[in-house]
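Before any comments, here is the structure.
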Amino acid sequence: MYFVIYDFETTGRSSRFDQILQAGLICFDSSLKEIQRLNLRSRINPDIVPSLGALKVNKLLMTDLLEEKNSSYEMMRDLNDFLNHYKPSIFLGYNSIHFDEEFLRQSLWEFFKYPYITSTKENCRGDVFNLATMTHAFDSNAVNVVKNNDGKMSFKLESLASINNIKIDNAHEAISDVLATKKVLEIIKNSSPKLFSNFLENTKVKKIGEKIKTSEFFTYYGYYFNKHYIYLLTQLLDHPTYNNYILAFDLKFDPEEIINLEYNELVSVYYEKKLNGKSFNCFKKIKLNKQPAVLDFNYSINRSPYNEIGLEELKKRKDKIKNEEFLGNFKKILITESENYETNYEFEEETIYSEGINFSDKIIMEDFDKVEWEKKWDFASKFKDPRLLFFAARHIYRNTPEFLPNNVFRRVHQKISERFNSMKKEKFTTIPSAMEEADTLSAEIEEGGERVFIIKQLEQYNIYINFLNSYYNDINAKPLKFDNDLSKKLFYQN
């Protein structure tokens, strides 16, 4: 089994609409000895307005993003090849399951490649952020954690690296963050091997499910709002609609108070998390494919309030909650909830987890990369799914817009223009929101005397946003490549 640790730097925080700019990946063997590394960068796509805040964090200029040799398409091709080379692997990152992982899946899907490679085909995934927080909760001496004057903990990778004497040459550069993540993993592997082993078990969805279903009780850990939370739970049932989704009951509560409630009363407790005016947050939803921190019951049973309740009473509560009529009502609540869940998608990018793809379209997706750019549109025109047709047109628009038929180029250009010029609060950065962000930073620079680099960054950003505003409001705009030549015209010509 290999360990593949990866990290992305992006144009913003929206996995559906932003772009991966840097991808750092290192493959290690089972003893964490490096085998191979990959350090990728990408040019900015013409349909992306980068967030100035993200560029500040990543210390990138617009000239960097336009002059990069590889396109996003080329970067994803190299990344996909690397991911498929080492099998089986445990894919790890820092705060990756809810961020980098979603960027990876989205990018692979839009690139017409299999998006679930990190969690299928004997591969599995984990999040070293989860390992660090869990380890500190149960073995605080295993890893040092920064605390501010108010006692609040910081598990940011940069803070964790600093206090544990891990050197980061360039924080927030993808490959540097990968190396720091590996060091954190290594520290915990050596200092707390039992929790490390538990963490590895929790990378496997099947293993977590078995652990929960074969135990009378189990410990469930979470880190929320700078605090550790430790629960002693028992399983209620598998979710009747969603796979890899388990419902559990927190045994700090006495089920006697709810098992005989009428259906509507139980609905009220479920949604309001209250009973008779008191907090009654007894139900826990556990998504097995998000690497929940599930441990043996001994990690919680001797902690307050469970140790005050006592083992005998806890067993009674566990037996009470298995009441068939109660479970039937609870199952009905979950079914009704899933049926009433509406997903109104406005944009093609948001549909990754919705409709399936038919067989003929899958064949076209598999062969899209093999076709030469000047022939890609004729080939892609066979797509029946309008989402895939849009992604194909956009790939060509980004890379070789001159090969799109004029009417198709106009439609794509107009669609991007409508997004860029939106005055609404969107899920992506628009030209108006980018201008507002730049104005805010400009005011901060005037007040705080920021560094020369930040001023240059802001100047280039303003030039680029003004260019986008002009280009995407030109109804007669011609196909244009966003590359080194454009960078020269924008930033180097008087």
Side-chain angles (χ1 to χ4, degrees), residues 8 15-21 23 25 38 40-48 65-85 87 103-118 120-121 347-352 354-416 419 477-486:
F8 300 144
S15 60
R16 301 290 169 254
F17 299 101
D18 277 301
Q19 174 191 346
I20 300 172
L21 295 174
L25 303 93
L38 191 67
L40 300 171
R41 294 174 184 268
S42 163
R43 285 196 303 275
I44 187 77
N45 284 326
D47 55 300
I48 299 291
L65 301 185
L66 287 170
E67 295 170 16
E68 179 57 45
K69 178 183 176 183
N70 289 327
S71 68
S72 175
Y73 190 91
E74 290 166 328
M75 182 185 74
M76 288 309 302
R77 184 168 53 202
D78 292 342
L79 176 56
N80 183 64
D81 290 345
F82 188 91
L83 295 175
N84 281 282
H85 186 71
K87 302 174 183 178
F103 270 92
L104 177 62
R105 287 185 170 186
Q106 185 76 22
S107 299
L108 288 172
W109 180 57
E110 292 184 20
F111 182 61
F112 302 143
K113 299 300 180 183
Y114 184 65
Y116 308 113
I117 186 171
T118 62
T120 57
K121 301 177 182 178
F347 303 103
E348 292 86 351
E349 293 91 336
E350 298 176 290
T351 62
I352 181 173
S354 59
E355 304 169 32
I357 296 170
N358 66 54
F359 179 76
S360 62
D361 278 352
K362 286 182 179 179
I363 298 299
I364 301 170
M365 291 171 72
E366 289 174 3
D367 292 336
F368 182 82
D369 187 45
K370 303 172 186 176
V371 179
E372 295 176 358
W373 282 107
E374 56 264 36
K375 298 178 181 178
K376 278 192 191 301
W377 179 247
D378 286 340
F379 182 77
S381 298
K382 301 171 187 175
F383 276 128
K384 296 178 182 178
D385 190 322
R387 299 173 299 170
L388 305 181
L389 198 62
F390 168 69
F391 293 145
R394 193 172 61 177
H395 280 312
I396 302 169
Y397 182 93
R398 289 171 171 176
N399 291 274
T400 54
E402 68 274 16
F403 291 145
L404 280 175
N406 188 58
N407 63 323
V408 178
F409 173 83
R410 292 274 169 238
R411 286 202 300 271
V412 176
H413 190 82
Q414 180 61 30
K415 190 163 189 170
I416 297 169
R419 291 191 185 188
K478 303 297 182 183
L480 178 66
K481 290 187 178 180
F482 283 54
D483 58 10
N484 187 59
D485 288 340
L486 178 60

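No donor-acceptor pair closer than 3.5 Å links the side chain of R16 to the backbone N or O of E348. The backbone N or O of V371 lies less than 3.5 Å from a partner atom in the side chain of K376, making a donor-acceptor pair.
Atom OG of S381 and atom CG of L389 lie 6.5 Å apart (nearest 0.5 Å). Separating the CG atom in L83 from the OH atom in Y114 is a distance of 13.0 Å, to the nearest 0.5 Å. To the nearest 0.5 Å, atom NE2 of residue H413 and atom NZ of residue K478 are 11.0 Å apart. For the atom pair L40 CG and L21 CG, the distance stands at 12.0 Å (nearest 0.5 Å). To the nearest 0.5 Å, the span separating CD1 on I117 from NZ on K87 amounts to 6.5 Å. Here the CE-CG distance, from M76 to D81, works out to 10.5 Å after rounding to the nearest 0.5 Å.
With sequence neighbours excluded, the residues satisfying side chain to side chain contact (heavy atoms under 4.5 Å, CB included) with K382 are I364, F379. Residues passing the salt bridge (charged side-chain N to carboxylate O under 4.0 Å, His left out) test with R411: none are found, sequence neighbours excluded. Here K370 pairs with D367 under the side chain to side chain donor-acceptor pair (under 3.5 Å) rule; sequence neighbours left out. Every side chain to side chain contact (heavy atoms under 4.5 Å, CB included) that K384 has, sequence neighbours left out, goes to N358, S360, D361. Partners of F17 according to the ring pair (Phe, Tyr, Trp, His ring centres under 6.0 Å) rule, which considers only residues two or more places apart in sequence or in another chain, are F347, F428. Shown here are the salt bridge (charged side-chain N to carboxylate O under 4.0 Å, His left out) partners of E68, two or more places apart in sequence or in another chain: there are none. For Y397, the ring pair (Phe, Tyr, Trp, His ring centres under 6.0 Å) partners two or more places apart in sequence, or in a different chain, are F409. In this structure S71 satisfies the side chain to side chain contact (heavy atoms under 4.5 Å, CB included) test together with R43, Y73, E74, N399, sequence neighbours excluded. Judged as a salt bridge (charged side-chain N to carboxylate O under 4.0 Å, His left out), and not counting sequence neighbours, the contacts of R394 are D47, E110, E349. A search for ring pair (Phe, Tyr, Trp, His ring centres under 6.0 Å) contacts involving W377 returns nothing, not counting sequence neighbours. Residues passing the salt bridge (charged side-chain N to carboxylate O under 4.0 Å, His left out) test with E366: none are found, sequence neighbours excluded. Residues that satisfy the side chain to side chain contact (heavy atoms under 4.5 Å, CB included) test with D378, not counting sequence neighbours, are absent from this structure.
Residues L108 and P115 approach most closely at CB-CA, 3.9 Å, considering heavy atoms. When all heavy atoms of Q19 and N45 are compared, the pair lying nearest together is OE1-N, 2.9 Å.
Between H395 and F368, the ring-plane angle classifies as tilted under the 30° and 60° cut-offs.
Looking at R410 and N407, their side chains never come closer than 4.5 Å, going by heavy atoms from C-beta outward. Two residues are said to be in side-chain contact when any heavy atoms from C-beta on lie closer than 4.5 Å; I396 and V412 fail this criterion. No side-chain heavy atom of T400 sits less than 4.5 Å from a side-chain heavy atom of E374. L79 places a side-chain heavy atom less than 4.5 Å from the side chain of F8. By the 4.5 Å heavy-atom criterion applied to side chains, K481 and P401 are counted as neighbours. For the pair W109/I357, a side-chain contact is recorded, criterion being any heavy-atom separation below 4.5 Å from C-beta on. Side chains of F482 and L66 form a contact here, defined as non-hydrogen atoms less than 4.5 Å apart. Under the 4.5 Å side-chain criterion, counting only non-hydrogen atoms from C-beta, K121 is not in contact with Y116.
Taking the six-membered ring for Trp and the full ring otherwise, the centers of F383 and F112 sit less than 6.0 Å from each other.
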